[in-house]
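In what follows, a structure is listed as structure tokens, so that the remarks can point back to it.
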Amino acid sequence: MKILANDGISEAGKQLLSDAGFEIIEIKVAQNQLVDFINKELIDILLVRSTTQVTKEIIEKCPTLKLIGRAGVGMDNIDVETAENKGIKVINTPKASSYSVAELVFAHLFGGIRFLYDANRNMPLEGDTRFKELKNSYSQGSELKGKTLGIIGFGQIGKAVAEIAIRLGMKVLAYDLKPIKETITLSFFDGKNLHFEIETISKEEVLSQSDFITLHIPAQKTYVLDTEEFNLLKEGVGIVNTARGGVLNEKALLEALDTGKVAFAGLDVYEKEPSPSLKILMHPNISHTPHIGASTYEAQERIGEELAKQIISLLT
């Protein structure tokens, strides 16, 4: 069987699939050329990340497709309903990248509470002439320990975020679209384990009681954080979004940043990718990354292996 890994695949995943007899084509085919390429090459399996859109048109016009794989958690770039109606299997890797995304959340949080998003802009420009002034500007940082972290979306990534937060001595509040009661287990180098029970509460409670908010919810038809939700927040809260651009109203975020309701934000995803709003990109109190939550070597290796094992299990 032929596999088109349109957004790439790790060496570990590639090796597993090759050993199982699959032929892997690892080139980037443009969105508007996918149908012709898949049909010409008689592709059986299409693997994508977040860039390639597997639309209804592609699924309906490519009769050779037997499986579509998403290297990541969400599947909002795949028309899952159409695929399943045509008998095409759709898989993803919900666990493989969770910890990498969770660590990026805390990279933004640590950077936010110590003003690194601003210091890293100003020190190269003015560090040699205004060192003392900059030192004074950035000397009112705070600690995460003892603070409350609100997690919106308590799936695999949300749980990984909770684990790190607990390790840091934070209080964790969580909300999900459905009620969840979860045991978070911390494992240590000496083999000991500690267990913490977390039960989801209402979104309003999470928003009003948290010092920091982090989003881990799939794409929705409406904003999860809009003006109404921003009004519920504490003064000076920090917000991180590594979920999807459309879950947060960027205009409302800018207004909240300008009034001080939100002290800082960390964004890995944007409403208009790959061309985010200049107002968002230029705001001095926003830390930016270009949708790289799952983009660590370790996560990509795990994703490739998980995809490969699922494909082998389903199609051999």
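We're numbering straight along the sequence, starting at 1.
- Rounding to the nearest 0.5 angstrom, the gap separating the NE2 atom in H283 from the CG atom in D258 is 4.0 Å.
- Under a 4.0 Å N-O distance rule, the pair E41/K2 qualifies as a salt bridge.
- In terms of heavy atoms, G304 sits closest to S10 at CA-OG, 3.4 Å.
- Minimum interatomic distance between R244 and A219 (heavy atoms only, all atoms of both residues): CG-N, 4.0 Å.
- Residue-environment remark: CZ (F131) stays at or below the threshold of 12 foreign heavy atoms within 6.0 Å.
- Side chain to side chain, N193 and T185 fail the donor-acceptor criterion of an N or O pair below 3.5 Å.
- Residue L149 is not grouped with residue V206 when hydrophobic side chains (ILVMFWY) are merged at heavy-atom distances under 4.5 angstrom, including chains of intermediate members.
- Within the structure, the side chain to side chain donor-acceptor pair (under 3.5 Å) test picks out the following pairs touching residues 97-106 (sequence neighbours left out): S100-T296.
- Of all heavy-atom pairs spanning K234 and S210, the tightest one is CD-O, 3.5 Å.
- The CG atom of L47 lies 11.5 Å from the CD1 atom of I303; values are rounded to the nearest 0.5 Å.
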Please tabulate, for side-chain N and O atoms in residues 307-316, each donor-acceptor pair with protein atoms closer than 3.5 Å (sequence neighbours left out).
unit_1 : atom_1 : unit_2 : atom_2 : d
Q310   : NE2    : N92    : O      : 2.8
T316   : OG1    : I312   : O      : 2.2

For this session: With side-chain contact (heavy atoms from CB on, under 4.5 Å) as the test, would you mind laying out the steps for K86 and L65 before giving the verdict?
Result: CA-CA 10 Å; K86 291 183 68 66; L65 284 179; over 6 Å; no
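- Residues L46 and V54 form a side-chain contact, since some pair of their non-hydrogen atoms from C-beta on lies under 4.5 Å apart.
- To the nearest 0.5 angstrom, E271 atom CD is 8.5 Å from S277 atom OG.
- Crowding of E235 atom CD: a count of heavy atoms from other residues, nucleotides or ligands under 6.0 Å exceeding 12.
- Under 4.0 Å is where a charged nitrogen must lie from a carboxylate oxygen, and between D79 and K56 no such pair does.
- In this structure, the side chains of I88 and I59 come closer than 4.5 Å at one or more pairs of heavy atoms.
- Using a 4.5 Å heavy-atom cutoff, the side chains of K89 and I68 are not in contact.
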Residues 224-231, side-chain donor-acceptor partners within the protein, below 3.5 Å, at least two apart:
unit_1 : atom_1 : unit_2 : atom_2 : d
D226   : OD1    : N249   : ND2    : 2.9
E229   : OE1    : D226   : N      : 2.8
N231   : ND2    : T227   : O      : 3.3

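- Looking at every heavy atom in both residues, G293 comes nearest to D268 through N-OD2, 2.9 Å.
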For this session: Give the intermediate values and the outcome of side-chain contact (heavy atoms from CB on, under 4.5 Å) for residues I43 and I3.
Result: CA-CA 6 Å; I43 299 296; I3 299 174; over 6 Å; no
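- Side-chain polar atoms of E205 and S202 form a donor-acceptor pair below 3.5 angstrom.
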For this session: Go through I24 and S18 one step at a time and tell me if the side-chain contact (heavy atoms from CB on, under 4.5 Å) criterion holds.
Result: CA-CA 7 Å; I24 302 164; S18 295; 3.7 Å; yes
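- The closest donor-acceptor contact from the side chain of K147 to the backbone of E143 lies under 3.5 Å.
- Judged purely by atom type and a 3.5 angstrom limit, K261 uses its side chain to pair as donor or acceptor with the backbone of L233.
- Listed for the N285 side chain is no donor-acceptor partner under 3.5 Å among the backbone atoms of L257.
- Expressed to the nearest 0.5 Å, how far CD1 of I45 lies from CG of L17 amounts to 7.5 Å.
- Cluster membership check: I25 shares its hydrophobic cluster with V48, using side-chain heavy-atom separations under 4.5 Å among Ile, Leu, Val, Met, Phe, Trp and Tyr.
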Exercise. Is there a side-chain contact (heavy atoms from CB on, under 4.5 Å) between L109 and F212 once you walk through the steps?
Worked result: CA-CA 8 Å; L109 286 175; F212 307 98; 3.9 Å; yes
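- Note that the CE atom of M1 and the CG atom of L67 stand 9.5 Å from one another [nearest 0.5 Å].
- Under a hydrophobic-cluster definition in which Ile, Leu, Val, Met, Phe, Trp and Tyr are linked whenever side-chain heavy atoms come within less than 4.5 Å, directly or via other members, I164 and V105 are assigned to the same cluster.
- To the nearest 0.5 Å, the span separating OG1 on T214 from CG on N241 amounts to 7.5 Å.
- Sequence neighbours left out, the pairs with a member in residues 109-123 that pass side chain to side chain donor-acceptor pair (under 3.5 Å) are D118-N122, D118-Y138, N122-Y138.
- Counted by atom type alone, T242 and H291 present zero donor-acceptor pairs between their side chains at under 3.5 Å.
- Relative to the ring axis of Y297, R302 does not place its NZ or CZ within 45° and under 6.0 Å from the centre.
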In residues 168-179, what donor-acceptor pairs under 3.5 Å come from side-chain atoms, sequence neighbours left out?
unit_1 : atom_1 : unit_2 : atom_2 : d
D176   : OD1    : F154   : N      : 2.7
D176   : OD2    : K178   : N      : 3.2

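- Using a 4.5 Å heavy-atom cutoff, the side chains of L144 and F110 are in contact.
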Distance-only check: which donor-acceptor pairs under 3.5 Å involve side-chain atoms of residues 26-39, not counting sequence neighbours?
unit_1 : atom_1 : unit_2 : atom_2 : d
E26    : OE1    : K14    : NZ     : 2.6
E26    : OE2    : I9     : N      : 3.3
K28    : NZ     : D7     : OD1    : 2.6
K28    : NZ     : T52    : OG1    : 3.2
Q31    : OE1    : Q53    : N      : 3.0
Q31    : NE2    : Q53    : O      : 2.5
N39    : ND2    : V35    : O      : 3.2
N39    : ND2    : K61    : O      : 2.9

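- Below 30°, between 30° and 60°, or above 60°: for Y270 and H288 the angle between ring planes is below 30°, a parallel geometry.
- Q300 approaches S295 most closely through the heavy-atom pair NE2-CA, 4.0 Å.
- The hydrophobic cluster containing I152 does not contain V101, counting ILVMFWY residues as joined when their side-chain heavy atoms lie under 4.5 angstrom apart, directly or transitively.
- Closest approach of I151 to G158, counting heavy atoms only: CD1-O, 3.6 Å.
- Hydrophobic cluster membership is shared by I180 and F196, with clusters built from Ile, Leu, Val, Met, Phe, Trp and Tyr side chains linked at under 4.5 angstrom.
- Donor-acceptor pairing under 3.5 Å is lacking for the side chains of H195 and T183.
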